[in-house]
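Below is one structure, written out as structure tokens; the observations come after it.
Residue indices begin at 1 and follow the sequence shown.
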Amino acid sequence: MFDLVPFGKRRDDAFGMLAKSLNEVFNDDFFAPLTSNALSFRTDIREREGAYLIEAELPGFRKEEIDIDYSSPYLTIKAVRKEENSEENKEHQMVRRERRYGEYVRRFYVQDIAEEDIRASLKDGVLSLEVPKRQKAQGKRIEIQDGGGNTSDQQKLQ
């Protein structure tokens with residue numbers, strides 16, 4: 001807001017620099033680490049004629065740490081990280097201890113899929129899912145009969 005100057009001209013005077021600094025402070029989202037998608041992962045989704053292909057980047061995860069669930073109409077991929085590193089010196093005193101826990105979740109809205117045929121594989125930190133589409137029922141053409149009914153029934157009525 002304070003940063004805008006018409007025609008692209010900027011003043012680099014003290015007031016301009018102060019206004020720019022205040023603008024950066026007040027526009028900075030203080031809660032961004034809590035509300036952002038920091039605990040998410042990137043995915044690529046492709047559609048083929050008979051299936052959806054989903055590739056999710058999950059580097060460092062083992063297949064035991066990944067859970068894939070389909071509860072109509074949502075496909076959920078969840079990866080849980082529980083990592084603990086510690087270093088001790090010669091006297092067995094803790095010098096450094098780091099812990100990292102997190103749950104990474106993505107949920108996709110998908111309909112008309114053959115949930116029993118979903119296949120998943122994990123290779124080089126990329127989870128690949130093949131989600132087959134459910135075959136749509138083929139329509140059946142109904143022929144119209146001449147006369148609308150049985151001829152013997154029509155003769156009984158007359």
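Applying the salt bridge (charged side-chain N to carboxylate O under 4.0 Å, His left out) criterion to Arg134, with sequence neighbours excluded, gives no partner residue. In terms of the side-chain contact (heavy atoms from CB on, under 4.5 Å) criterion, residue partners of Asp117 (sequence neighbours excluded) are, by chain and number, Ala114, Pro132. Taking Tyr52 as the reference, nothing meets the ring pair (Phe, Tyr, Trp, His ring centres under 6.0 Å) condition, with sequence neighbours excluded. Checked against side-chain hydrogen bond (donor to acceptor under 3.5 Å, both in side chains), Glu49 has no partners two or more places apart in sequence or in another chain. Residues meeting the ring pair (Phe, Tyr, Trp, His ring centres under 6.0 Å) test with Tyr74, sequence neighbours left out: Tyr109.
Interatomic distance, OG1 of Thr43 versus CG of Leu58, reported as 10.0 Å (0.5 Å rounding). Atoms CD1 and CZ, on Ile54 and Arg46 in that order, are 11.0 Å from each other to the nearest 0.5 Å. Within the model, atoms CG of Leu129 and CD1 of Ile77 stand 4.5 Å from one another, a figure rounded to the nearest 0.5 Å.
Sorted by first and then second residue, the pairs that involve residues 120-131 and meet side-chain hydrogen bond (donor to acceptor under 3.5 Å, both in side chains), not counting sequence neighbours, are Arg48-Glu130, Arg119-Glu130. Legend: side-chain hydrogen bond (donor to acceptor under 3.5 Å, both in side chains) pairs involving residues 56-65, not counting sequence neighbours: none detected.
Note on Ile45: it clusters hydrophobically with Ile118, by side-chain heavy-atom contacts below 4.5 Å among ILVMFWY residues.
Residues Phe61 and Leu122 share a closest heavy-atom pair of O-CD2, 3.6 Å. In plain terms, the two heavy atoms of Pro73 and Gln111 that are nearest each other are CB-CG, 4.1 Å. Of all heavy-atom pairs between Val110 and Tyr70, the closest is O-OH, 3.4 Å.
Put simply, the side chain of Phe41 does not reach to within 4.5 Å of the side chain of Leu127, judged on heavy atoms. With a 4.5 Å cut-off on side-chain heavy atoms, Phe108 and Val131 do not count as touching. In this structure the side chain of Ile113 never reaches within 4.5 angstrom of the side chain of Leu75, judged on heavy atoms.
With a 6.0 Å radius and a threshold of 12 heavy atoms from other residues, nucleotides or ligands, Gln135 has its CD atom at or below the threshold.
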